[in-house]
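One structure below.
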Amino acid sequence: MPYTPDTIAVPLLSSALRLIGLAADDVIALQDHAQAAYDAALASGLSPTKAGFLVTDTIASFRFRVLSGEDAPWHPAPVTSTKTVRHLADRLYDACFVVIAYLIGARISEILGLQAGCIEYHPSGAGDERFAYLAGRIYKTARGQYGDVHRWVAPEPVVRAVAVMEKLTEGLRARSGRPELFLITSSTGLIGPAVEIDLPVANTIIRRLNMLFAPFIALPMHGGRPWHLNTHQGRKTFARFVGKRDRTGLAALQAHLGHVTRVMSDRGYVGTDFQLSELMDRHAQEETRTALEEMLTASALGGKAGRTIAQRSRFRGRTRDGDVQAYVDFLMAETDLRLGVCDWGYCVYRSETSACFGGEAGPNPVLRTETTCSTCANFAVSPRHRPVWEVRRTRNLKLLEQPALDTGSRALAEARIAECDRILAQLDEG
Ligand code: SF4
């Protein structure tokens, strides 16, 4: 099963995060208001149909808020039916599922097993700082049917998603007497006396994500076609992100995921999900293998390390055949070669020659930029990175056209153009 490509994962998660923010309060207020009116109408003896009409009149005046930095209400259309209330509540549910799946890497069975009150705070093993954890159970690898108790590090949006779900499905838990957070109802509107309440099956979540949530957030196409989401992609995407040494593609989410990575590498972190760790390692290895094959066979490479590799590689200009694969197998098995993959090139990492002052664990993420890498002895650029350097060059040329640009910014833009020219010329030499 594939991970979600960055071009889909970033808008998917950004929209989900936006929905669970202030917009969630609107949806919960609307649902509570509508349900209270419906319950009162039913209690007064009205039929469900008549009670529905009464609710529609009551909620017609509901207005959604304008979120900070935006000009119009986040949901422009007025609420004209109880079906709209259910639709919005369900999309908020989908957003919470996405946030938890993509930001902690939990499986669907683990998310559906979560219960109200599942956020716990514990001190980190290394100090006094306290971290939020999501307390649940792992079922897939457990010995018994009730799963093994497990704690996931919960970044702030996951804490929020749980708080939203606690409110959103409070009525369903109260009516069913069940404790789970992710209960759904058979009703297409509000909760009536004959409604069925249960956990969804995986296919329901997959259908909702693709047929309802993706259009609701206007998820972009991938290669001109809709990207097919499934319930396992959050875990794969999370593992890939944490496993790879560079996170530039998902920079927008780095703060949330960085928190998780930091706590997971803390020696005191309990309850490590070993299968998830293996998945992360596998992703890192796959990326290293692909990058090595590409570098060994490229007819030209840029960057200091790239030029050395291109000069010495006996596979230069060849296709990726069995010889290349065998040599890469040998390199990966016999050396402690560590390769960092990022948008603008490869890092053949050695701490002693690291221009970003990286340490034992790898490059320094704070100083790791195109400019620093372009002068570093560890850096290699292959033809597949050419567009990144071309776009950077064009962007800085455009900047120079601004008459109001100050001297410092002008000098910076010129220096960046020179860096791009140097790298592109090295690639042209092939
Ligand atoms: S500056 Fe050098 S060591 Fe640091 S990430 Fe770039 S290539 Fe790697």
Side-chain angles (χ1 to χ4, degrees), residues 1 3-4 6 9-10 12-17 19-21 24 92-122 124-125 129-142 147-166 180-182 199 202 205 209 229-244 247 250 252-266 268-284:
M1 289 199 192
Y3 57 81
T4 315
D6 294 355
V10 171
L12 175 74
L13 254 164
S14 302
S15 302
L17 289 170
L19 265 178
I20 68 162
L92 185 56
Y93 177 115
D94 300 339
C96 292
F97 183 90
V98 165
V99 167
I100 296 177
Y102 280 75
L103 291 188
I104 65 167
R107 298 180 182 92
I108 180 175
S109 56
E110 293 149 8
I111 298 177
L112 296 184
L114 293 173
Q115 301 188 356
C118 60
I119 294 291
E120 297 175 353
Y121 290 86
H122 296 278
S124 127
E129 204 178 350
R130 288 169 71 79
F131 287 103
Y133 291 85
L134 192 62
R137 286 173 181 271
I138 290 182
Y139 299 94
K140 187 163 181 202
T141 51
D148 291 336
V149 173
H150 186 76
R151 288 205 313 240
W152 291 266
V153 191
E156 190 247 319
V158 169
V159 175
R160 168 72 181 165
V162 169
V164 167
M165 287 306 296
E166 282 175 341
E180 293 99 334
L181 272 186
F182 279 88
L199 286 172
I205 302 256
L209 288 177
L229 297 162
N230 65 44
T231 51
H232 205 67
Q233 279 176 31
R235 182 174 171 85
K236 290 279 261 183
T237 310
F238 173 83
R240 173 175 167 266
F241 180 86
V242 176
K244 74 195 271 196
R247 292 92 196 247
L250 290 175
L253 308 170
Q254 190 158 353
H256 307 311
L257 289 162
H259 168 94
V260 177
T261 322
R262 191 174 131 229
V263 186
M264 284 184 84
S265 51
D266 180 340
Y269 175 58
V270 289
T272 302
D273 181 343
F274 291 108
Q275 286 208 334
L276 189 58
S277 306
E278 275 175 20
L279 202 57
M280 290 172 198
D281 287 348
R282 249 197 343 261
H283 273 291

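Note that the numbering runs from 1 along the sequence shown for the chain.
- Listed here is the closest heavy atom pair of Phe238 and Ile104: CE2-O, 3.6 Å.
- Contact record, Gln233 with Asn230: N-OD1, 3.0 Å, taken as the closest heavy-atom pair.
- Proximity of a side-chain donor or acceptor of Arg160 to a complementary backbone N or O of Gly21 within less than 3.5 Å is detected.
- Minimum interatomic distance between Thr231 and Ile205 (heavy atoms only, all atoms of both residues): CG2-CG2, 3.7 Å.
- The two residues Ala16 and Val99 have their closest heavy-atom pair at CB-CG2, 3.8 Å.
- Looking at Thr4, its side chain never comes within 3.5 Å of a backbone N or O of Ala9 through a donor-acceptor pair.
- With rounding to the nearest 0.5 Å, the separation of CZ in Arg137 from OG in Ser109 is 12.5 Å.
- Atom CD1 of Ile111 sits about 10.5 Å away from atom CE of Met165, to the nearest 0.5 Å.
- The two atoms that bring Ala154 and Val159 nearest to each other are O-CG2, 4.0 Å, heavy atoms only.
- Atom CG of Leu103 is separated from atom CD of Glu156 by 10.5 Å, given to the nearest 0.5 angstrom.
- Within the 4.5 Å cutoff, the side chain of Leu12 has no heavy atoms near those of the Leu209 side chain.
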(Q) Between His150 and Glu110, does the side chain to side chain contact (heavy atoms under 4.5 Å, CB included) criterion hold? Intermediate values first, please. (A) CA-CA 9 Å; His150 186 76; Glu110 293 149 8; over 6 Å; no
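- Annotation: side chain of Glu166 is in contact with side chain of Val162 (closest heavy-atom distance under 4.5 Å).
- Looking at every heavy atom in both residues, Ile20 comes nearest to Cys96 through CG2-SG, 3.8 Å.
- The CD1 atom of Ile108 lies 12.0 Å from the CD1 atom of Ile100; values are rounded to the nearest 0.5 Å.
- In this structure, the side chain of Glu180 does not engage the main chain of Leu112 through any donor-acceptor pair within 3.5 Å.
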